[in-house]
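In the text below, chain A, chain B and the rest are named by the order of the sequence lines, each starting its count at 1.
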There are 2 protein chains.
Amino acid sequence: MVWAVDGKPGLRERKKQRTRAAISDAAIALFLEHGFNQVSVAQVAEAAEVSKRTLFAYFPTKEDLVVHRLADHETEAARVVRARTPGTAPLTALREHFLKGLQERDPITGLNDHPQVLRLTRMILDAPSLVARMDQFKTSAERALAEALRETADTPELTARFAAAQIVAVQGVLAQDNARRLAHGEAADARHTGAVADAELAFALLENGLRQLSSRH
Amino acid sequence: MVWAVDGKPGLRERKKQRTRAAISDAAIALFLEHGFNQVSVAQVAEAAEVSKRTLFAYFPTKEDLVVHRLADHETEAARVVRARTPGTAPLTALREHFLKGLQERDPITGLNDHPQVLRLTRMILDAPSLVARMDQFKTSAERALAEALRETADTPELTARFAAAQIVAVQGVLAQDNARRLAHGEAADARHTGAVADAELAFALLENGLRQLSSRH
DNA sequence: GTATAAATGTATACCAGGTGCGGAAATATC
DNA sequence: GATATTTCCGCACCTGGTATACATTTATAC
């Protein structure tokens with residue numbers, strides 16, 4: 001919060017950022033190597049050459065050592081909706097954004113098979129408390145998206161929340177399915193076509209509804 | 001697991017059930033009075049006249065002391081889909097079931113304003129770890145519902161998961177909104193009409209899709 | 001009925017995540 | 001360079017949860 005007059009962050013601020021990065025890096029490295037539950041925060045603190053008390057000053061919980069890196073994605077859908085070109089439907093913007101994510105192998109789509117990403121995914125899935133945090137993530141994303149829909153597409157409050165809940169839930173399924181397949185050995189490049197088809201199906205269901213379930217049988 | 005020949009549970013089994021109930025009752029009572037985080041498991045154990053070790057033999061985590069009572073609802077949607085009368089669409093069965101829940105003031109719909117239920121709701125919402133467990137609940141419900149859809153409506157795997165995710169998410173919004181309104185003082189009877197209208201809207205969105213979001217603007 | 005095997009319960013000590021506190025060290029400001 | 005403010009640390013402490021080793025109760029076989 002304290003900047004020198006020339007606009008550059010002061011020594012204090014720079015040091016804080018370095019300490020923060022050191023803690024986070026040490027944590028991720030240890031977690032990737034030994035697993036989240038197998039490493040204690042005391043070990044992380046020691047590796048980062050920092051006291052346990054200081055560690056908790058930077059990251060309020062052990063889980064935050066991992067999930068703080070994904071914090072940006074919490075509002076990603078909301079930002080996409082807000083930043084869409086006028087005249088574009090929210091769902092269209094979201095679909096195109098997701099497809100672009102697939103093409104760029106954005107880890108959030110589950111379609112990135114770099115060994116580091118795969119290891120990170122596996123590490124998270126192996127730690128129940130981290131999975132729980134990912135669920136909370138979805139809740140936050142839902143709220144942010146609902147607000148974006150209300151404000152930019154003047155959708156009624158409740159409708160916006162229904163839509164946001166559906167969209168976030170479906171995107172979660174898409175990402176999880178891709179990640180699962182890559183974890184089982186499929187290559188991202190080989191999976192890409194299928195992932196696109198699945199995403200198209202998902203967004204088609206969102207747009208057209210589940211009538212298939214209500215009338216076909 | 002051990003029954004006497006006459007079919008009645010043996011003394012051992014009865015005693016276990018009584019102990020379990022005693023622990024659970026003591027826990028709920030203390031939690032309702034002082035709040036979840038304000039009561040330690042040691043206090044619960046003492047109130048139930050049981051050792052801490054025994055408490056954890058019956059309930060693997062502190063949160064389970066509360067959520068074990070809601071465990072049935074985890075597979076409720078799936079059961080509704082499986083038990084629907086032949087020829088009925090899954091979504092129709094689910095909508096009717098939810099509307100019946102509203103009419104009967106089933107707490108799961110959020111439309112029960114008995115003081116005890118309100119206090120319990122508030123207590124859960126005030127405890128982050130319990131909210132997290134409720135999220136996990138939704139994940140389980142999702143999986144169960146997806147499987148029910150696959151098996152009884154021969155829906156393709158991924159489609160079933162999309163549908164299940166949407167349905168569970170939307171029902172969650174409905175319940176949460178009702179609960180929020182009752183927590184703010186609305187009476188269940190006064191809220192019922194609005195709750196029905198909202199539910200109809202929600203299921204209409206599920207059936208017909210979010211085209212309103214993709215074409216109107 | 002009594003001996004015995006199998007559950008079940010207890011006490012104690014322990015580990016890990018997380019917090020409160022008082023003081024030391026570093027940084028910013030004058 | 002003196003001083004005020006942050007930041008950091010070491011320590012003790014609390015709580016959820018587990019391991020061990022032992023005592024008690026219940027079921028069952030004789």
How does protein contact run along nucleotides 17-24 of chain C, one letter per nucleotide 5' to 3', with B for base contact, S for sugar-phosphate only, - for none, heavy atoms under 4.0 Å? SBBBB---
Presence of salt bridge, A:R191 and A:D198, under 4.0 angstrom: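 Yes, charged N to carboxylate O under 4.0 Å.
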Going by an N to O cut-off under 4.0 Å, is there a salt bridge joining A:K138 and B:D135?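 No, A:K138 and B:D135 are not salt-bridged.
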Spacing between [X] atom [atom1] and [N] atom [atom2], to the nearest angstrom:
{"X": "B:L55", "N": "C:dT8", "atom1": "CG", "atom2": "P", "answer": "16 Å"}
{"X": "B:H34", "N": "D:dT15", "atom1": "NE2", "atom2": "C1'", "answer": "17 Å"}
{"X": "B:I23", "N": "D:dG17", "atom1": "CD1", "atom2": "C1'", "answer": "15 Å"}
{"X": "A:K15", "N": "C:dA26", "atom1": "NZ", "atom2": "C1'", "answer": "6 Å"}
{"X": "B:K16", "N": "D:dT25", "atom1": "NZ", "atom2": "P", "answer": "18 Å"}
{"X": "B:Y58", "N": "D:dG17", "atom1": "OH", "atom2": "P", "answer": "18 Å"}
{"X": "B:R20", "N": "C:dG9", "atom1": "CZ", "atom2": "P", "answer": "12 Å"}
{"X": "B:L65", "N": "D:dT15", "atom1": "CG", "atom2": "C1'", "answer": "14 Å"}

Test side chain to side chain donor-acceptor pair (under 3.5 Å) applied to A:T75 - qualifying residues, sequence neighbours left out: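 A:R79.
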Any B:S51 side-chain N or O less than 4.0 Å from OP1/OP2 of C:dA11: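 False: B:S51 side-chain N/O out of range (4.0 Å or more) of C:dA11 OP1/OP2.
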Any chance you could measure A:L65, atom CG, to A:L55, atom CG, to the nearest 0.5 Å?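 Interatomic distance, A:L65 CG to A:L55 CG, rounded to 0.5 Å: 5.0 Å.
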Between B:K100 (side chain) and B:R95 (backbone), is there a donor-acceptor pair under 3.5 Å?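 Not at all, since once roles are kept as given, no pair shorter than 3.5 Å links the two residues.
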Is a side-chain donor or acceptor of B:N178 paired with a backbone partner of B:L111 at a separation under 3.5 angstrom?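 Judged by distance alone, no pair lies under 3.5 Å.
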